[in-house]
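First comes the structure, then the notes that go with it.
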Amino acid sequence: MAEPELVDVVVVGLGVGGEEVAERLAEAGLSVVGVERDLVGGECPYWGCIPSKMMIRAANALAEARRVDGLAGTAQVQPDWAPVAKRIREEATDTWDDTVAAERFIGKGGRLVRGSGRLDGPRRVRVGDQVFEARHGVVLGTGTRPSVPPIDGLADTPYWTNHQAIEVEELPESLLVLGGGAIGLELAQVFARFGVRVTVVEALDRVLAIEEPEASEVAAAALRADGVEIHTGVRAERVEHDGTRFTLRGGGAEFTADRLLVVTGRKAHLTELGLDTIGLDANQRYLPVDDRLHVTDHVWAVGDLTGEGAFTHIAMYQAGIVIADILATARQAKAGADASGTSSVVGGAMGASSSLAASGSSGSAGTVPRADYRALPRVTFTDPEIGAVGLTEQQARERGINVQVGFTKLGSSTRGWIHRVGDDGFIKLVADADQGVLIGATSVGPAGGEVLSALVVAVHAAVPLSQLRHMIYAYPTFHRAIETALGDLS
Ligand SMILES: Cc1cc2nc3c(=O)[nH]c(=O)nc-3n(C[C@H](O)[C@H](O)[C@H](O)COP(=O)(O)OP(=O)(O)OC[C@H]3O[C@@H](n4cnc5c(N)ncnc54)[C@H](O)[C@@H]3O)c2cc1C
């Protein structure tokens with residue numbers, strides 16, 4: 001068996017969260033091994049946030065051009081997917097090549113090891129024949145993969161996941177989207193706006209079921225206006241592919257299309273991580289962590305894997321805490337070693353003393369921030385955008401909170417009225433009447449995700465309602481509707 005190689009930290013999975021942790025710790029002077037089996041950067045830059053938002057930007061440009069009629073003359077729109085595919089290939093993903101990201105990590109002093117990493121006992125990670133032992137600990141950032149439901153026949157068909165949908169160069173004539181969550185709706189609207197006949201099939205009784213029912217209604221209406229067929233309450237039972245077309249059966253109905261996109265959620269693959277070698281149960285949906293992202297002693301996890309929300313901003317937020325925690329741990333270890341005159345034990349390859357002291361990103365363990373998800377923002381980038389933070393009305397009621405709700409439609413605001421076509425949306429506020437603060441909010445509209453920022457501050461900082469009511473909202477903005485919704489709280 002190979003002798004373990006001693007390093008400071010091993011990061012397994014260099015997606016958004018792992019890459020941030022690995023880069024920043026390497027930059028701070030620790031010896032960091034980053035293990036990645038696919039592309040450095042993970043899902044977000046290659047098959048997630050960035051290319052999908054490029055697609056949405058293009059689709060929204062088409063939709064805006066179609067709104068010229070009646071507002072500013074006439075416009076003829078001829079959609080063409082080629083510039084979108086080219087931009088994703090050339091600007092976003094370098095044709096799915098991670099050289100730039102890999103070199104950035106190496107340039108910061110990190111060591112990139114290509115392959116699948118798994119735990120191999122406390123503080124140890126095995127990658128093929130190589131074994132690394134981490135002085136300070138191991139960070140798991142292995143993300144999630146599409147969760148494909150066990151529908152009869154599905155596994156034998158050439159269905160798409162988000163990977164094929166993002167990589168597509170030529171659009172199909174028709175597309176079935178299985179799953180009416182955020183990713184399904186975003187992609188369904190994009191493809192519909194480029195002329196694809198899109199059908200969304202959702203098992204639950206409404207699309208975007210984790211958000212407020214009013215948000216589901218606006219989203220469904222917006223997609224239908226773009227020509228998308230939406231079928232809710234339909235549980236898919238069987239999928240067939242005859243070599244050309246897909247047929248999906250469920251709820252007594254049959255749907256056919258050239259392509260089938262499966263976007264029914266994401267799943268962490270814990271069984272591959274060797275968790276049993278450190279006494280942890282791998283048969284869980286996600287890896288539970290505490291508020292400093294500890295899985296257990298000397299093991300941290302970041303990102304989708306933790307089940308705290310599958311968002312890049314969660315992965316980055318958690319990464320910040322892990323970095324602070326590990327730097328504090330490293331400082332303490334160094335201080336202990338200095339005091340006992342054994343500093344070489346900690347120094348090793350990290351050249352650490354000077355850079356750790358200078359990095360200033362964290363203080364003692366006592367000052368390491370704790371994760372707090374009360375004001376977790378989420379944006380579904382459909383048009384209109386659906387932004388939400390904190391609790392929905394139903395979640396708040398289920399917790400026994402004395403709830404007040406305020407609601408206003410964007411179309412009845414001055415800005416919405418001026419905007420006219422494309423002004424669908426609303427502000428919904430959920431307040432804790434006893435505490436006098438907002439605990440949740442939804443902002444739907446042309447800039448719903450941007451308007452959300454004010455509401456995130458309000459929930460995060462528990463700004464008293466009395467203060468929110470007595471601040472000045474610029475006229476005529478979309479965010480001014482927040483003031484109207486505050487006036488409606490009852
Ligand atoms: C279509 C789509 C659109 C999205 N849009 C948004 C958006 O607009 N905003 C937003 O906030 N979020 C969005 N997301 C979610 C976002 O992409 C994820 O939340 C984010 O990528 C999670 O980062 P992560 O670090 O947890 O994992 P990932 O990005 O999944 O990276 C995990 C990495 O670990 C590697 N890995 C796994 N196992 C091993 C192993 N054993 N050894 C070595 N390497 C391993 C994988 O190859 C991968 O590179 C979107 C996702 C999708 C699919």
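Order of appearance sets the numbers: ligands from 1, and atoms from 1 within every ligand.
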Atoms in ligand 1 flagged as close to [X], the criterion being non-hydrogen separation under 4.0 Å:
X: Glu43; answer: 21 (O), 28 (P), 29 (O), 30 (O)
X: Gly115; answer: 42 (N), 43 (C)
X: Asn162; answer: 53 (C)
X: Gly17; answer: 25 (O)

Do any heavy atoms of Glu36 fall under 4.0 Å from ligand 1?
-> yes

Carboxylate-amine/guanidinium proximity below 4.0 Å for Arg123 and Glu133 |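 Salt bridge absent between Arg123 and Glu133.
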
Does a salt bridge link Arg145 with Asp38, judged by any charged N lying under 4.0 Å from a carboxylate O?
->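 No, no charged N to carboxylate O under 4.0 Å.
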
CD of Gln394: more than 12 outside heavy atoms within 6.0 angstrom?
-> no

Mind checking whether [X] has an N or O less than 3.5 Å away from an N or O of ligand 1?
X: Leu187; value: no
X: Arg37; value: yes
X: Val16; value: yes
X: Asp304; value: yes
X: Phe311; value: yes
X: Arg266; value: no

Look up atom CG in Leu119 and atom CG in Leu280, then write down how far apart they are to the nearest 0.5 Å.
->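 The CG atom of Leu119 sits 8.0 Å away from the CG atom of Leu280.
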
Relative to ligand 1, is Leu39 under 4.0 angstrom through side chain, backbone, both or neither, heavy atoms considered?
->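 It is the backbone that touches ligand 1; the side chain stays farther off.
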
Should the ring pair Phe191 and Trp81 be called parallel, tilted or perpendicular, given that the plane angle runs from 0 to 90° and is split at 30 and 60?
->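 It falls in the tilted class, 30° to 60°.
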
